[in-house]
Amino acid sequence: MRRRAAAILALALTAWLPAAAARAALFGAGGLDPAFCRQPQVRQTVVYIDDTLMIDGQTDWAHRLDTKLRATLAPGERVTVVRLSPGGGAGQAGSGQSSELWSGCWPAYSAAEQARFAAQTYLFEQNPLAGVADQQKYFLHDFGAALTQVYLAAKRPADSVRTTAADAPAKQIIRALASDEGRFAASQVTIRAIIYSDMAENSDLGTVFRHGAAATSEHAAAQSSEHAAAASLEHAAPPSGLGQRLGTYLRGGVFYAFGVGSDISDDPGLPETARGFWRAAFGSLAAALAGMGADLNVPNILPVVARRYPVTLSLDGQTLDGRIALLADQDGTLVDSWLGISRLGIAMLEGSIRCTAGRPGCRLEATTSVGIATSAASEQVSLSGPERGPLSGRLGVRAATGLSFPLQAAAP
């Protein structure tokens, strides 16, 4: 039965290889062409799969990932599959780790490249556009094979995965993500991180559970009752200073998580509690929480342009540095965009940026997901200036006197 289930998943995830692509291998190298990775990239996507959430016979999460990536990948966008292994408490062997399984670039061309290829005449070679469909099937085949690898290696019966908030096992999701820090430090573009996990952090770094039982039973037994009570209160609070504590930052990462609360049977409010916990956790790691819940809520917006600016905010006589990263579709609608100010925090941006050659240049109008300069639930960001910068404007609450502050963006 296990072999049959594995075969069904592999078939479902790799059913895109056509006979034409198989025949093409007779005349040259088959498989995904790495040349697509040489295109200019505006973003990369990393898919993290929590191996503690692999349930025998449940593979709908893989199909949701496949559907979402087909709709939202930009031409040449690099996609990487990483296995997260967060099981176990701090100090336990093998806990809080990650391992990369596969990486490839989405086979597609920009509208300009498609027009250029279509205008040319091909006598002794094939039009590059003719092979895109087969290349996308190769990509999806390899992507599906990586997901299958995690599933087969880690799947367990459903009754061994489901648990209650009171009996939730120790879980090191923060350390597992932090172990992949090098990817964020090296990236020159925004990283969209999609995580399939219950996001049930339960460790010495903090817990999403209200009771605050972050330690393993062995760890708790080693503590005095007074020490354990103090630790419980500490862990129940949203984490702060994680970057300094771990010496790790996920700079510029934009995180989406789905599957939250799927294995906790007695706490329907967990997704909302977890959202507040992880917003603080990612903020302390210089990353932003874009979406979190049971479903995969990634906007179906295809970025075609990326702009990054160093910024300075004048606040109460201080000048604070920061960065703003703007990704937009062909109409200027923002996606996976953020503003971060040192010592204040980071927030996602919704809105638009529209640029024209010459005057008036670029104009950004956006709303933050959380307050940065104030305690308001959200703030407005307005910037305008030449297309190549600098831009000037304000950040804050427009309707409130004294709660809007000068914001400057240098040339990108």
Side-chain angles (χ1 to χ4, degrees), residues 40-44 72 74-75 77 110-112 188-192 251-254 286-291 298-316 318-342 344-412:
Q41 297 188 359
V42 298
R43 181 186 67 189
Q44 67 168 297
T72 62
E77 182 169 347
S110 66
Q188 300 299 309
V189 297
T190 293
I191 293 181
R192 176 181 65 167
R251 297 190 185 280
V254 174
L289 177 62
V298 174
N300 289 331
I301 301 175
L302 195 65
V304 298
V305 63
R307 302 173 185 272
R308 284 192 173 215
Y309 302 86
V311 299
T312 56
L313 177 69
S314 299
L315 178 67
D316 299 333
Q318 302 181 72
T319 299
L320 303 177
D321 297 325
R323 294 196 68 84
I324 188 169
L326 305 173
L327 277 70
D329 67 5
Q330 60 182 0
D331 297 321
T333 302
L334 297 179
V335 62
D336 296 340
S337 300
W338 52 269
L339 169 64
I341 304 294
S342 61
L344 295 182
I346 186 170
M348 297 297 297
L349 297 176
E350 289 188 2
S352 65
I353 181 169
R354 293 184 170 83
C355 297
T356 57
R359 294 185 178 182
C362 291
R363 183 170 186 83
L364 168 70
E365 293 290 343
T367 302
T368 65
S369 58
V370 295
I372 298 179
T374 72
S375 59
S378 64
E379 297 166 350
Q380 285 73 48
V381 183
S382 295
L383 288 171
S384 60
E387 184 179 8
R388 299 187 180 277
L391 308 178
S392 61
R394 302 189 73 82
L395 166 69
V397 183
R398 291 176 182 165
T401 303
L403 292 180
S404 181
F405 309 97
L407 182 68
Q408 304 289 327

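The structure displayed is predicted, hence computed values, not measured ones.
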I want to check something: taking the side chain as every heavy atom from C-beta on, are [X] and [Y] in contact at a cut-off of under 4.5 Å?
X      : Y      : result
Arg43  : Val254 : no
Val305 : Val42  : no
Leu339 : Leu395 : yes

Distance-only, no hydrogens or angles: does the [X] side chain make a donor-acceptor pair with backbone N or O of [Y] under 3.5 Å?
X      : Y      : value
Asp329 : Asp331 : yes
Arg394 : Ser404 : yes
Glu379 : Ala373 : yes

Can you name the nearest heavy-atom pair linking [X] to [Y], along with the distance?
X      : Y      : result
Pro386 : Leu391 : O-CD2, 3.5 Å
Ile301 : Leu334 : CD1-O, 4.0 Å
Ala74  : Pro303 : CB-O, 3.6 Å
Leu313 : Pro406 : CD1-O, 3.3 Å
Glu77  : Gln44  : OE2-C, 3.8 Å
Ala411 : Tyr309 : C-CD2, 4.5 Å

Enter the distance from [X]:[atom1] to [Y]:[atom2] here, rounded to the nearest 0.5 Å.
X      : Y      : atom1 : atom2 : value
Ile346 : Ile341 : CD1   : CD1   : 9.5 Å
Leu383 : Leu407 : CG    : CG    : 5.0 Å
Arg323 : Arg251 : CZ    : CZ    : 11.0 Å
Arg363 : Ile353 : CZ    : CD1   : 11.0 Å
Asp321 : Leu344 : CG    : CG    : 11.0 Å
Met348 : Ser378 : CE    : OG    : 14.0 Å

**Message:** Is it the case that over 12 heavy atoms from other parts of the model lie below 6.0 angstrom from the CD atom of Glu350?
**Reply:** no
**Asked** If you draw a 6.0 Å radius around CZ in Arg354, do more than 12 non-hydrogen atoms from other residues or ligands fall strictly inside?
**Response** yes
**Message:** Go through it in stages, so that I can follow the logic: the residues are Leu349 and Thr368, the test is side-chain contact (heavy atoms from CB on, under 4.5 Å), and I'd like the CA-CA distance, side-chain angles, deciding distance and then a yes or no.
**Reply:** CA-CA 5 Å; Leu349 297 176; Thr368 65; 3.7 Å; yes
**Request:** For the residue pair Gln380 and Thr367, confirm or rule out a side-chain donor-acceptor distance under 3.5 Å.
**Result:**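 Short answer, no.
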**Request:** Please say which of Leu327, Thr190, Ile324 ends up in a side chain to side chain contact (heavy atoms under 4.5 Å, CB included) with Arg308.
**Result:**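 Filter result, single survivor: Thr190.
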